[in-house]
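Remarks on the structure that follows.
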There are 2 protein chains.
Amino acid sequence: MPSDPTSLGDFELLLLLTVLRLGDQAYGVPLCRELSAIRRRGVAVGSVYAALDRLQQKGLVSSTLGESTPERGGRAKRFFRLTQAGLRSVHHTRRLLDTLWTALPPLAEEPA
Amino acid sequence: MPSDPTSLGDFELLLLLTVLRLGDQAYGVPLCRELSAIRRRGVAVGSVYAALDRLQQKGLVSSTLGESTPERGGRAKRFFRLTQAGLRSVHHTRRLLDTLWTALPPLAEEPA
DNA sequence: CGTTTCTTCATCTATTGTGAAGAAATGCCG
DNA sequence: CGGCATTTCTTCACAATAGATGAAGAAACG
């Protein structure tokens with residue numbers, strides 16, 4: 001019994017947060033760039049679209065097709081936003097984690 | 001390029017936190033019970049052991065074989081603890097997420 | 001056309017999910 | 001005392017979902 005809509009994979013969570021951060025510039029390519037920066041490691045563009053599709057199917061994001069822009073390669077983009085359910089899902093995860101690591105023991109100091 | 005040792009799957013993160021919480025009672029069966037409670041959904045015992053094996057191979061937990069106890073079915077248990085690397089990994093994830101959702105927009109009120 | 005930007009697709013590995021089978025201990029009862 | 005059901009815990013085989021990768025396809029401009 002998979003796909004409880006309130007439970008997110010780690011990548012999916014980061015992706016939702018990144019969609020929020022990018023606001024009206026949340027489409028595939030910059031999402032991919034931003035995620036690469038956050039993770040400090042290359043993120044293949046295919047992973048991003050696959051995750052977006054999953055999230056859309058679960059109803060956590062919605063997408064709208066933009067218009068083309070008068071720039072070199074200004075092809076139409078597919079923009080993403082969080083749905084109410086998506087936002088709830090992020091809040092839910094946050095509450096859970098905030099609770100669980102309140103009692104997290106501190107890191108021991110490394111000897112110099 | 002998988003398995004960056006500092007990046008955790010969502011289940012793995014919960015598992016590490018649960019190992020911390022259970023302390024000297026952190027072995028397969030209670031871990032499974034505790035995770036089921038946290039997630040509010042059944043967790044198969046196989047998933048737990050599989051994740052533990054992964055985490056051990058990545059060096060994030062260590063395990064020691066206990067002795068048998070004088071109880072019905074008091075079979076020897078395999079106890080788990082976080083390594084330094086494991087603790088660092090949790091802290092790392094926490095810092096990242098705490099940063100990312102500082103600007104998280106609040107949930108809209110549902111109309112009654 | 002060639003180039004640029006963006007998306008879709010096919011394929012592969014890794015993570016997670018599930019339940020049954022296997023080990024190791026105790027307790028009951030002949 | 002000896003065997004067998006029972007309990008607790010672990011290992012295993014297999015299925016499904018999530019994530020990773022790079023090449024191919026679409027649509028725009030110069």
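Proteins get letters first, then strands, A, B, ... in listed order; numbering begins at 1 in each. All heavy atoms count here, side chains included; hydrogens, waters and symmetry mates do not.
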Are B:R78 and C:dA24 close enough that a side-chain N or O sits under 4.0 Å from OP1 or OP2? no
By nearest-nucleotide position on DNA chain D, the 5'-leaning member of B:G46 and B:R33 is B:R33
Once you round it to whole Å, what is the distance between C1' of C:dC6 and CG of A:L52? 13 Å
Can you give one letter per nucleotide of nucleotides 25-30 of chain D, going 5' to 3': B for a protein heavy atom under 4.0 Å from the base, S for sugar-phosphate only, - for none? BBSBBS
According to a strict under-4.0 Å criterion, is B:K58 in side-chain N/O contact with OP1 or OP2 of C:dT15? yes
Are the side chains of B:L8 and B:L60 in touch, meaning some heavy atoms are under 4.5 Å apart? yes
Using a 4.5 Å cut-off on heavy atoms from C-beta on, say whether the side chain of B:L16 contacts that of B:L87. no
DNA chain C contacts among residues 10-26 of chain B, heavy-atom distance under 4.0 Å: B:D10, B:F11, B:E12
Rounded to the Å, how far apart are B:E67 CD and C:dA24 P? 15 Å
Is a side-chain donor or acceptor of B:T99 paired with a backbone partner of B:R95 at a separation under 3.5 angstrom? yes
To the nearest angstrom, the CZ-C1' distance between B:F79 and D:dT8 comes to 12 Å
Nearest whole angstrom, please: distance from the P of C:dA25 to the CG of B:L65. 10 Å
Please report the distance, rounded to the nearest Å, between CG in A:L35 and P in D:dG19. 11 Å
Could you state the atom-to-atom distance from CG of A:L60 to C1' of D:dA18 in whole Å? 14 Å
When the distance from CG of A:D53 to C1' of C:dT8 is rounded to whole Å, what number comes out? 9 Å
Residues passing the side-chain hydrogen bond (donor to acceptor under 3.5 Å, both in side chains) test with B:S63, sequence neighbours excluded, are B:Q56, B:R78
